[in-house]
Amino acid sequence: MAFHYCVLPSSCYVIGLCLLVLVQVHIVSSALIVGLRNHHNVQHRLPIGHANQTKCNLFVGSWVRDNTYPIYQSSNCPIIDPEFNCQMYGRPDSDYQRYRWRPINCELPRFNGIEFLNKMRGKTIMFVGDSLGRNQWQSLICMISATVSHTPYQITRGDPLSTFKFLDYGVSVSFYKAPYLVDIDTLQGKRFLKLEDISRNANYWRNVDVLSFNSGHWWIHKGGLQGWDYMESEGAYYQDMDRLVAFERGMRTWARWVDGNIDRSRTKVFFQSISPTHYNPLEWNGAPVSKIGGGIVSKNCYGETSPLSGELYPGAYPDQMKVVQAVMNSMHNPAYLLDITMLSELRKDGHPSIYSGDLSPGQRADPSKSADCSHWCLPGLPDTWNQLFYTAMFF
């Protein structure tokens, strides 16, 4: 575990440890938005100045170029991991940083880091899930830090828990690594993914003021990326099962825990929908191959420099979203679904591709095999996720 005590900005630039372990086992102006507790009552308020228009949906809209973005630079943020730091690792274009999400019939309030800290003074925020949650965690810290550049802070980097504290405000922003949310136990060298047990992980989430969960990607990994050897469900053990069935069982365990253990008068709970990948250009009517050097290679997100226009993605919608929506509908007191899936699907330009500090020079030379089209550059798309998160919390 690494501990750092610093004052922003670049004089104490920190690149955190990137720890990889084998885990065991969706209206707004500045005065608008459905309150967190009313979100699922489908009673949307209209934004000021838009009362003569149709109701707004935060998560339906389009991307517009805005040269006032980004609101921070990667070189001035103390937390970005190498795999998200695309400018540092040679990305030649930067227009992907200059797009703003505009919902239909309204505008999002601009993120204000000082307001965020004042409203959250003395409170805790925790992102729980996989590396997409870590991507968002680091984005939020960068966004806040840009407006309080001389505020002292502490960083504690660890596995599974990392925490960034803004000391003058008593605000802690943490990331807890739990790609499946449910627990994984190890017995005689074998990893057991416990589809009905979440108690050990959940101990870290108690007494947090704002919880934001995500899961989905790791449930479909196979081979060397599979994080478990056996699944345990209702007393039986499985070497494998339909992955969406397993995901649903795990998600229902999480939902039961949230319904039974979280005091919603005290704690706000979010679930972030599935972050899409862009490995198949045929999904957005792109060319399946491109020229790199002297050869022709299979294409993915490499070389993509602009978002898709319009409001709908022409390709496949993640299968995991059916599970997420079904589980949310079954909850007694549903989490706020931060439905970023469709708006993110339009951002084929926002991935690190080969511009990741996790890649060797040889890997960067072979984007058809090495490009990261799952995570997102910072500054970049996760900043919009956090603008939506900020809007849902405070407006």
When you measure from the side chain of [X] to the backbone N and O of [Y], does any donor-acceptor pair fall under 3.5 Å?
X	Y	answer
Ser215	Pro179	yes
Gln272	Gly133	no
Asn329	Gln325	yes
His351	Ala371	no
Arg264	Pro334	yes
Arg98	Asn67	no
Asn280	Leu282	yes
Gln363	Ser360	yes
Asp93	Asp95	no
Trp385	Leu140	no

Run the ring-centre check on [X] versus [Y] and record whether the distance is less than 6.0 Å.
X	Y	value
Tyr237	Tyr230	no
Phe127	Phe389	yes
Phe395	Tyr390	yes
Phe175	Phe164	no
Tyr89	Tyr355	no

- Query: Stepwise, does the side chain to side chain contact (heavy atoms under 4.5 Å, CB included) test hold for Thr391 with Phe111?
  - Reply: CA-CA 8 Å; Thr391 301; Phe111 184 88; over 6 Å; no

- Task: Decide side chain to side chain contact (heavy atoms under 4.5 Å, CB included) for Met143 and Tyr72; before the verdict, give the C-alpha distance in whole Å, the side-chain angles of both, and the deciding distance to 0.1 Å.
- Result: CA-CA 6 Å; Met143 294 171 75; Tyr72 65 91; 3.7 Å; yes

Might you point out which heavy atoms bring [X] and [Y] nearest each other, and give the distance in Å?
X	Y	answer
Arg243	Gln226	NH2-OE1, 3.0 Å
Pro109	Gln387	O-NE2, 2.9 Å
Ile155	Pro78	CD1-O, 3.8 Å
Val182	Asp197	CB-O, 3.4 Å
Ser370	Leu359	O-CD1, 3.7 Å
Cys377	Arg91	SG-NH1, 3.6 Å

Measuring only between side-chain heavy atoms, which start at C-beta, is [X] closer than 4.5 Å to [Y]?
X	Y	answer
Ser75	Gln87	no
Trp284	His278	yes
Phe270	Met393	yes
Leu181	Phe271	yes
Leu388	Leu343	yes
Arg157	Ser162	yes
Phe247	Val327	no
Trp205	Met126	yes

- Task: Please test Leu378 against Ser74 for side chain to side chain contact (heavy atoms under 4.5 Å, CB included), starting from the C-alpha separation and ending with a verdict.
- Result: CA-CA 7 Å; Leu378 295 180; Ser74 58; over 6 Å; no

Short side-chain donor-acceptor distance under 3.5 Å, [Y] and [X]:
X	Y	value
Ser139	Trp376	no
Asp358	Ser356	no
Arg256	Thr253	yes
Ser306	Tyr99	no

If I take atom [atom1] from residue [X] and atom [atom2] from residue [Y], how far apart are they, to the nearest 0.5 angstrom?
X	Y	atom1	atom2	answer
Met241	Ser233	CE	OG	5.0 Å
Asp229	Arg191	CG	CZ	4.0 Å
Leu117	Thr147	CG	OG1	6.5 Å
Tyr279	Asn300	OH	CG	7.5 Å
Ile274	Thr341	CD1	OG1	6.5 Å
Leu195	Met231	CG	CE	6.0 Å

- Between Asp185 and Arg200, is there a salt bridge with N-O shorter than 4.0 Å? yes

- Item | Intermediate values then yes/no, side-chain hydrogen bond (donor to acceptor under 3.5 Å, both in side chains), Tyr180 and Asn201 | CA-CA 10 Å; Tyr180 304 99; Asn201 281 341; over 6 Å; no

- Residue pairs meeting salt bridge (Lys or Arg N to Asp or Glu O under 4.0 Å), one or both in residues 108-132, sequence neighbours left out, come to none

- Task: Start with the C-alpha distance between Asp366 and Ser368, add both sets of side-chain angles, then the distance that settles side-chain hydrogen bond (donor to acceptor under 3.5 Å, both in side chains), and finish with yes or no.
- Result: CA-CA 6 Å; Asp366 190 3; Ser368 63; 2.9 Å; yes

- Query: Are Ile198 and Leu161 in one and the same hydrophobic cluster, where Ile, Leu, Val, Met, Phe, Trp and Tyr link if side-chain heavy atoms are under 4.5 Å apart?
  - Reply: yes

- Message: Once side-chain hydrogen bond (donor to acceptor under 3.5 Å, both in side chains) is applied, do any residues pair with Thr124, and if so which ones, sequence neighbours excluded?
- Response: Asp209

- Message: Test of understanding: with salt bridge (charged side-chain N to carboxylate O under 4.0 Å, His left out), list the residues that count as partners of Asp259, not counting sequence neighbours.
- Response: none

- Item | Set of salt bridge (charged side-chain N to carboxylate O under 4.0 Å, His left out) partners for Asp168, sequence neighbours left out | none

- Specify whether Tyr176 and Tyr204 have parallel, tilted or perpendicular ring planes, treating 30° as the upper limit for parallel and 60° as the lower limit for perpendicular. tilted

- Task: Please collect all disulfide bond (SG atoms under 2.5 Å apart) contacts where either partner lies in residues 116-234, sequence neighbours excluded, each pair once.
- Result: Cys77-Cys142

Residues 307-323 side chain polar contacts: donor-acceptor under 3.5 Å, at least two apart:
unit_1: Tyr313; atom_1: OH; unit_2: Glu283; atom_2: OE1; d: 2.8
unit_1: Gln320; atom_1: NE2; unit_2: Gly216; atom_2: O; d: 3.4

- Evaluation steps, side chain to side chain contact (heavy atoms under 4.5 Å, CB included), between Phe166 and Met120: CA-CA 11 Å; Phe166 294 90; Met120 291 300 299; over 6 Å; no

